[in-house]
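Read through the structure below, which is laid out as structure tokens, and then see the notes.
Computed from a predicted structure; not experimentally measured. Lettering follows sequence order; numbering is per chain, from 1.
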2 protein chains.
Amino acid sequence: MATKCARCPLRRLEMFVPMSPEEVRVMDRFKVGELTVDAGTPILQEGSNALQLFTVLRGIGIRYKTTESGRRQVINFVFPGDFLGLQGSVREEMTHSIEARSKMTLCVFNRSELFGFIKNNPERAYDIIWACATEEHFLGEALTTLGQRTAMESVAWAVLRLFERAEGLGLVENATVELPLRQQDLADALGLSLVHTNKTLSKLRERQFIGWTDGHITVPDTAKLADVAGVEVEAAQPRPLM
Amino acid sequence: MATKCARCPLRRLEMFVPMSPEEVRVMDRFKVGELTVDAGTPILQEGSNALQLFTVLRGIGIRYKTTESGRRQVINFVFPGDFLGLQGSVREEMTHSIEARSKMTLCVFNRSELFGFIKNNPERAYDIIWACATEEHFLGEALTTLGQRTAMESVAWAVLRLFERAEGLGLVENATVELPLRQQDLADALGLSLVHTNKTLSKLRERQFIGWTDGHITVPDTAKLADVAGVEVEAAQPRPLM
DNA sequence: CGGGAAGTTGAAGCCAGTCAAGATTTGTGG
DNA sequence: CCACAAATCTTGACTGGCTTCAACTTCCCG
């Protein structure tokens, strides 16, 4: 049985902007179902023209593109509250793929109803714009990382941002998150080889800036890690939840 | 005297989605003025909280971020029809700067009126989402370029995409565009050193894939250049014009 | 207990960065 | 209109951070 939006566990989190009961009811009507998938399942495919939009309720995923030469670029990591499939709805087709990294639960919406929904709910249109602008901000930072930072700075940056997102979602206990990511995912996100990513992680571990064992990431001091990365710690901004 | 939207030279171009006369009138009321700046002028600053939104009417610019260590990452190039300052309107502040590379003319809108405007014009909300999703698509491709492609592929990719955008705007004559970009801009966009960018451009010139002299870029055969870059030629999609 | 996926470590080579100097173009004031 | 300065482009030589190749370890699951 699908979760009622009013009972959505995410809405209780401080990081999400509250909605009025009426607004929640509207979301409930827009929602057409729920999808649960296992780790490793593709959710949206590059080049496809999916009929659905999703919001992540539970679980972690990755967005990635594949080049003609068979290499893979991880664009971003997907966390609960993220909105998936907008590109496929607004443009002709998806330009990246999304795959589950853990078991995931997704709220499903009909793409064909999107325009009508926006028309009647301008606040939600604004929320979508917010999400999109935020994604753009992140990608700009990622681009700067790949273009201008050393491997050491890049890895520190990526671990920091992952940790910060998890923290906002209350997934951090004892300065530790469980994230089912492989070193290969991180390497592909940063444009580094697996070998070099591994060696860089080792150095960061050695110097006690991070812990990364067995899918558990520890950051004892985000300020110190931010310093290694050459960036500022980013305070979690309240975000809208669709 | 500010140009009336009904007489906007961009609207005549095939690449922009037509608007009804009434829609154009609404845009005209939203527009509060026009801004003309010289090459080199900063238009929006990273970290600032600008009160204005812009649409580019004429001229070329660059978006870029600066790192703490003083390096510069060019995020994207700005062309006529582009919408500027959305991030500053929706989020707390701009996360990148925008600077004119040629003399530019911009249509000015009030940021404070944006929400009301969206509310009353859901088609425009959809257009903003479209623009944002398209930017996201581009940034994903840029990320893939920096992360996975060689210098030769990267430079070919960048020149190709610049050329394609210019072509859609009717700026290409005899397979040539005039773009007031320095090699340093291209280098900073691709995360390459100026020296290596220069040498790579030389090779592409030698092999007749491109011409780049004196701010004039020539691409005799986009398909061949796309082949070097390892990407597909991207057909110009019709885009909304605010 | 065997096999595959993920992580670890060492060694060798190269792509791209850095340093340096000169050529060419552009701008500016006398 | 010339002279000088500043910006941009070009080319060569050297260096090093990261990639690639390869082997080994650890962990898990049937």
Side-chain angles (χ1 to χ4, degrees), chain A residues 38-40 60 62 67 69-74 99 101-102 145-159 178-206 210-218 228 230, chain B residues 38-40 62 67 69-74 99 101-103 145-159 178-206 210-218 228 230:
Chain A
D38 283 330
I60 307 293
I62 55 172
T67 68
S69 55
R71 304 188 56 151
R72 183 182 74 149
Q73 175 68 39
V74 171
E99 190 178 304
R101 266 280 154 276
S102 69
T145 297
L146 297 225
Q148 310 301 335
R149 295 194 234 271
T150 63
M152 182 65 77
E153 292 167 333
S154 295
V155 172
W157 171 81
V159 172
E178 189 182 347
L179 287 180
L181 300 174
R182 296 172 302 207
Q183 296 188 355
Q184 185 71 64
D185 294 327
L186 188 63
D188 287 348
L190 297 172
L192 297 170
S193 69
L194 172 61
V195 173
H196 199 61
T197 303
N198 179 289
K199 287 174 182 170
T200 307
L201 278 172
S202 295
K203 277 182 200 157
L204 284 169
R205 240 174 340 204
E206 218 171 77
I210 64 163
W212 177 306
T213 32
D214 198 27
H216 289 74
I217 299 178
T218 307
V228 175
Chain B
D38 284 330
I62 55 172
T67 67
S69 55
R71 304 188 60 153
R72 186 182 73 150
Q73 175 67 42
V74 171
E99 190 178 304
R101 266 280 153 275
S102 70
K103 188 178 176 183
T145 298
L146 297 226
Q148 310 300 333
R149 296 196 232 273
T150 63
M152 182 66 77
E153 292 167 333
S154 295
V155 172
W157 171 81
V159 172
E178 189 184 346
L179 286 180
L181 300 175
R182 294 172 304 204
Q183 295 187 358
Q184 185 71 64
D185 294 327
L186 187 63
D188 288 347
L190 297 172
L192 298 169
S193 70
L194 171 62
V195 172
H196 199 61
T197 303
N198 179 289
K199 287 174 182 169
T200 307
L201 278 172
S202 295
K203 276 184 202 157
L204 284 169
R205 240 172 342 202
E206 218 170 77
I210 63 163
W212 176 307
T213 33
D214 199 28
H216 289 74
I217 299 179
T218 307
V228 175

Check the pair A:Asp185, A:Arg72 against salt bridge (Lys or Arg N to Asp or Glu O under 4.0 Å), reporting the backbone distance first and the verdict last. CA-CA 9 Å; A:Asp185 294 327; A:Arg72 183 182 74 149; 2.8 Å; yes
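- Within the 3.5 Å criterion, the main-chain N or O of B:Thr150 finds a donor-acceptor partner in the side chain of B:Glu153.
- Look at CZ on B:Arg182: it is 8 Å from P on D:dC9, rounded to the nearest Å.
- Nearest to the side chain of A:Val195, among D:dT20, D:dT19, C:dT18, sits D:dT20.
- Between B:Asn198 atom CG and C:dA21 atom P there is a gap of 18 Å when expressed in whole angstrom units.
- Here the nucleotide nearest the side chain of B:Ser193, chosen from C:dG7, C:dT18, D:dC18, is C:dT18.
- Rounded to whole Å, atom C1' of C:dT9 lies 12 Å from atom CD of A:Gln183.
- Of the possible donor and acceptor atoms, one in the side chain of B:Gln73 sits under 3.5 Å from a partner among the backbone N and O of B:Asp188.
- No contact: A:Leu194 has no heavy atom under 4.0 Å from any strand.
- Listed nucleotides: D:dG12, C:dA6, D:dT20. Nearest to the side chain of B:Lys199: D:dG12.
- Across all strands shown, B:Gly191 has heavy atoms under 4.0 Å from sugar-phosphate atoms exclusively, and none from any base.
- Summarising the geometry, the separation between CZ on A:Arg149 and P on C:dA16 is reported as 21 Å, rounded to the nearest angstrom.
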